[in-house]
**Student:** 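Take this structure first; my questions come after.
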Amino acid sequence: MRTTQELLQALNSEQQEAVTAVDGPVLVVAGPGSGKTRVLTHRIAYLIAEGYAHPHQILAVTFTNKAAREMRERLAQLLDPRVAEHVMAGTFHGICARILRVEYAALGYPSFVIYDDEDQLALVRHVLEELNLDPKRFSPRAILARISAAKNQQISPASYPVESYFDEVVARVYPHYEQRLERANALDFDDLLTKTLALFDEFPEVLQRYQDRWRYIHVDEYQDTNHLQYLLVRALARGHRNLFVVGDPDQSIYGWRHADIHNILNFKRDYPDAREIHLSMNYRSTATIVRAADHVIRANRLRIQRTLRTLNDTGLPITLWACADDLEEAMRVVEEIRILVARGLRQYRDFAILYRTNAQSQPLEQALVQAGIPYQLIGGLRFYERREIKDALALLRILINPADDVSLRRVIENTPLGNGIGKQTWRSLERVAAQHAMPIGLLLRDHHLACCELTGRTRQRLAILADHLQRWQTLSCELSASALFARMLDEAGLSALYREARDPEDIDRWENLTQLASLLQQYDHLPADQGIPLFLDEAALVTDADLLNDERNHVTLITFHAAKGLEFPVVFLVGIEEGLVPHSRSIENEAELEEERRLFYVGLTRAKEQVYISFANRRLRWGTSSWSVRSRFLDDIPDELLEYGGKPKRRSFPEHSLEQRSRLHHTPTPTVRLRKGMRVFHKTFGDGIVVDVHDLPGDQEVAVAFKRHGTKRLLVSLANLTVE
DNA sequence: AGCGCTCAGCTTTTT
DNA sequence: GCTGAGCGCT
């Protein structure tokens with residue numbers, strides 16, 4: 001346990017001022033790299049060390065679960081780990097889920113599941129189906145976005161304003177969507193916030209309990225809070241009025257998710273007695289990077305005017321690369337990494353490659369694989385979004401919550417257990433369910449479907465399904481979560497489907513299911529019916545950034561958005577082109593354009609020592625090549641901070657023009673022809689076994705099951721495999 | 001009901 | 001270029 005002296009010694013005067021501003025509302029405007037996380041953790045430690053509060057009277061809201069975990073780890077270092085664990089730290093969504101779990105149980109409400117994005121989308125599709133609306137004319141995505149926006153403004157289905165024909169469609173879908181959520185005991189992401197607010201509204205004594213408990217409330221990344229989160233904070237902070245928010249309006253990049261930059265800009269209006277403290281000294285980046293970032297952001301109008309300062313050295317100029325196409329861009333990035341590592345100047349873990357859209361990772365990945373450089377990809381297809389994982393989770397979800405019809409349908413459509421139950425059957429089930437105003441799952445479980453017009457065989461299949469559901473539910477009181485899960489996988493036919501499969505993708509799927517099972521084991525100390533809901537909450541709320549691995553030595557591939565809050569010695573900002581940064585969807589609108597600029601600013605300021613910026617004149621998009629020009633944002637970086645990189649020299653791997661690229665596969669390779677069962681070695685992935693071979697003219701495409709990295713599909717001509 | 005083929009839309013960013 | 005939804009055939 002540190003003494004107060006020691007805690008404060010590690011801080012500059014601005015930071016000390018923030019840490020010791022104990023009472024009342026405090027706004028900390030913290031520029032990038034100004035030690036904002038440090039201030040937050042040290043302040044919490046200070047409050048505890050000085051006896052202002054017990055750990056469990058402190059609330060800390062962070063943007064990601066990872067940030068919450070790191071905060072707890074740092075507190076554990078500053079204080080005693082057993083003390084630190086009592087601080088409530090988490091995301092808004094996570095904290096609301098926990099509050100609702102506890103309070104709903106106390107009120108005798110039924111348990112709930114959290115519908116993620118994909119579930120929500122499926123639900124919208126089901127509603128469209130029911131209303132006989134064409135999902136091609138009315139994009140489920142767009143409808144869902146409108147519904148979410150409405151929820152964020154607390155507009156009820158009944159009062160949805162109609163100004164266009166599309167609004168009319170939304171207005172029809174929205175009430176059904178809400179009804180179905182309710183019928184399924186399901187909450188979507190927005191509901192976690194709205195239902196918590198509603199709970200506080202309806203039961204003031206519950207709110208008061210939390211107000212009393214949390215004497216000190218901290219909100220990180222306050223610039224990215226939305227209206228509902230703002231209301232939650234306001235409600236909770238009304239108790240002791242000790243609200244400490246930290247943020248940077250210049251780093252507000254989640255407007256599209258209804259984040260409202262005005263929450264931070266108007267903080268002083270909401271809390272007139274608030275102290276405002278600016279942390280403007282940057283400790284992270286070289287003076288060059290700080291100056292460049294400052295010039296970029298200065299062009300924005302919607303901001304608090306200020307200048308970033310640093311005492312760091314000038315450092316290296318920013319390298320700017322004009323590339324012919326996206327392949328050359330990827331090649332240059334990879335070549336640069338290779339050289340710097342080869343010279344012993346850097347390690348792989350020092351590098352991050354940042355891009356605007358997930359799709360851009362593809363050529364970069366390919367180049368990294370070719371060069372044998374290990375990397376980790378953040379974003380893209382996430383573990384919990386994989387098909388087989390969602391199917392397995394659907395099984396667990398209907399076990400915990402038989403009313404969950406979206407999951408039931410998923411099980412019917414995607415597991416052998418649902419064979420013989422098709423669309424027609426589902427439609428008639430829906431009709432019966434609507435008549436009884438009951439979820440299908442409950443009707444099914446309690447065998448109330450005898451009445452409907454189903455033929456003998458279909459009815460039999462449904463009865464088998466219902467029996468399974470009932471038996472699993474009985475078993476949930478007897479078996480551990482993971483034992484029950486294994487049994488469900490067997491009996492639903494998923495094990496048989498994947499375990500003995502030869503298709504490498506299925507082998508992959510089975511591995512993922514095994515991994516899911518081992519994650520579930522962490523909850524085995526609880527009875528299955530308690531452990532599984534907690535596990536499911538986590539599955540719905542963790543993000544990829546939470547899984548980011550700092551220990552292993554590899555290059556990080558990540559979007560600008562996901563990189564917020566992180567830092568790396570060397571950062572590559574790729575695809576800095578009109579249409580990408582700023583994105584074409586934002587170019588029309590001034591406010592959105594400013595957000596794009598902030599995004600670029602966030603990217604720049606992730607770098608500690610070195611920045612490379614690249615753009616390409618031609619880029620593959622949707623399989624066809626299109627022209628692009630450098631981003632307008634580059635014009636804001638003073639020339640003296642830039643260094644134009646020359647043409648790349650031909651090195652380890654050739655530069656392929658678009659025409660050459662299609663011919664690439666035909667290049668004959670003098671290697672051994674691979675056959676199934678051969679043991680091979682790959683520079684990045686290590687040992688593996690060939691599980692599938694596809695002969696191409698002059699080449700082979702093989703699937704290799706690697707011991708440590710799962711199954712990958714590789715082209716022999718590119719992958720540089722050695723046969724053992 | 002299930003399989004396989006075709007075609008369209010997709011990609012902004014994510015709790 | 002890929003995926004997933006829809007359609008038509010068995």
**Student:** With P as the reference atom in both, quote the distance from B/dT13 to C/dG4 in angstrom, rounded to an integer.
**Tutor:** 16 Å

**Student:** OP1 or OP2 of B/dT13 versus the side-chain N and O atoms of A/Asn358: is any pair under 4.0 Å?
**Tutor:**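 Checking B/dT13 against A/Asn358, a side-chain N or O does come within under 4.0 Å of OP1 or OP2.
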
**Student:** Find the distance A/Lys66:NZ to B/dT14:P and express it as a whole number of Å.
**Tutor:**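 The answer, rounded to whole Å, is 15 Å.
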
**Student:** Please state how far atom CG in A/Asn226 lies from atom P in B/dT13, giving the value in whole angstrom units.
**Tutor:**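 Result: 20 Å.
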
**Student:** Taking the same atom, C1', in C/dG6 and in B/dT11, what whole-Å distance lies between them?
**Tutor:**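 Comparing C1' positions in C/dG6 and B/dT11 gives a spacing of 23 Å.
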
**Student:** Given B/dT15, is OP1 or OP2 found less than 4.0 Å from the side-chain N or O atoms of A/Thr64?
**Tutor:**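 The answer is no; no side-chain N or O of A/Thr64 sits under 4.0 Å from OP1 or OP2.
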
**Student:** Send over the distance from A/Tyr355 OH to B/dT11 P, rounded to a whole Å.
**Tutor:**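 Interatomic distance, OH of A/Tyr355 to P of B/dT11: 16 Å.
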
**Student:** Please list every donor-acceptor pair under 3.5 Å in which a side-chain atom of residues 576-584 of chain A meets a protein atom from a residue at least two apart or in another chain.
**Tutor:**
residue: A/Glu577; atom: OE1; partner: A/Arg619; partner atom: NE; Å: 3.0
residue: A/Glu577; atom: OE1; partner: A/Ser628; partner atom: OG; Å: 3.1
residue: A/Glu577; atom: OE2; partner: A/Ala616; partner atom: N; Å: 2.7
residue: A/Glu577; atom: OE2; partner: A/Arg619; partner atom: NE; Å: 3.4
residue: A/Glu577; atom: OE2; partner: A/Arg619; partner atom: NH2; Å: 2.5
residue: A/Glu578; atom: OE1; partner: A/Arg632; partner atom: NE; Å: 3.2
residue: A/Glu578; atom: OE1; partner: A/Arg632; partner atom: NH2; Å: 2.7
residue: A/Glu578; atom: OE2; partner: A/Arg632; partner atom: N; Å: 2.8
residue: A/Glu578; atom: OE2; partner: A/Arg632; partner atom: NE; Å: 3.0
residue: A/His583; atom: ND1; partner: A/Arg585; partner atom: N; Å: 3.1

**Student:** Taking CG from A/Leu377 and P from B/dT14, how many angstroms apart are they, rounded to a whole number?
**Tutor:**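 So the CG-P distance, A/Leu377 to B/dT14, works out to 11 Å.
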
**Student:** Can you tell me if A/Tyr210 and A/Glu103 form a side-chain donor-acceptor pair at under 3.5 Å?
**Tutor:** yes

**Student:** Produce a footprint string for nucleotides 3-9 of chain B: one letter per nucleotide, 5' end first; B if the base is under 4.0 Å from any protein heavy atom, S if only the sugar-phosphate is, - if neither.
**Tutor:** -------

**Student:** Expressed as a whole number of angstroms, how long is the span from A/Arg141:CZ to B/dT13:P?
**Tutor:**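 Rounding to the nearest Å, CZ of A/Arg141 and P of B/dT13 are 10 Å apart.
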
**Student:** Checking A/Phe535 now: which residues fulfil ring-ring contact (aromatic ring centres under 6.0 Å, His included) with it, not counting sequence neighbours?
**Tutor:**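 With neighbours one apart ignored, the set is A/Tyr523.
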
**Student:** Could you check whether the rings of A/Phe633 and A/Phe600 sit parallel, tilted or perpendicular, using 30° and 60° as the cut-offs?
**Tutor:**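 Parallel: the ring planes of A/Phe633 and A/Phe600 meet at under 30°.
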
**Student:** In terms of ring plane angle, is the pair A/Tyr254 and A/Phe63 parallel, tilted or perpendicular, where the classes change at 30° and 60°?
**Tutor:**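 Correct class here is tilted.
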
**Student:** Could you please name the option among B/dT14, B/dT13, B/dT15 that lies closest to any side-chain atom of A/Thr357?
**Tutor:**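 For the A/Thr357 side chain, the nearest candidate turns out to be B/dT13.
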
**Student:** Taking atom types as modelled and ignoring hydrogens, do the side chains of A/Glu221 and A/Gln223 form a donor-acceptor contact shorter than 3.5 angstrom?
**Tutor:**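 Side chains of A/Glu221 and A/Gln223: pair found under 3.5 Å.
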
**Student:** Flag as yes if A/Trp256 stacks onto the base of B/dT13 (centroids under 5.5 Å, planes under 30°), otherwise no.
**Tutor:**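 Given the distance and angle limits, yes, they stack.
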
**Student:** Any salt bridge between A/Arg597 and A/Glu592, counting N to O under 4.0 Å?
**Tutor:** no

**Student:** For A/Leu144 and B/dT14, what is the distance between atoms CG and P respectively, to the nearest whole Å?
**Tutor:**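 Value for this atom pair: 16 Å.
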
**Student:** Between B/dT15, B/dT11, B/dT14, which nucleotide has the shortest distance from any of its atoms to the side chain of A/Thr91?
**Tutor:** B/dT15

**Student:** When all nucleic acid strands are considered with a 4.0 Å heavy-atom cut-off, which category describes A/Tyr254: base, sugar-phosphate, or nothing?
**Tutor:** sugar-phosphate

**Student:** Whole Å only: how far is the CD atom of A/Gln362 from the P atom of C/dT3?
**Tutor:** 11 Å

**Student:** Nearest to the side chain of A/Arg125, heavy atoms from C-beta on, is which of B/dT15, C/dA5, B/dT11?
**Tutor:** C/dA5

**Student:** Please tell me which of the listed nucleotides, B/dT15, B/dT11, B/dT14, lies nearest to the side chain of A/Phe189?
**Tutor:** B/dT15

**Student:** Specify whether A/Tyr230 and A/His227 have parallel, tilted or perpendicular ring planes, treating 30° as the upper limit for parallel and 60° as the lower limit for perpendicular.
**Tutor:**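 Because their plane-to-plane angle is under 30°, the rings of A/Tyr230 and A/His227 count as parallel.
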
**Student:** Within this structure, what is the CZ-to-P distance between A/Arg598 and B/dT13, rounded to whole angstrom?
**Tutor:**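 Distance, rounded to whole Å: 18 Å.
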
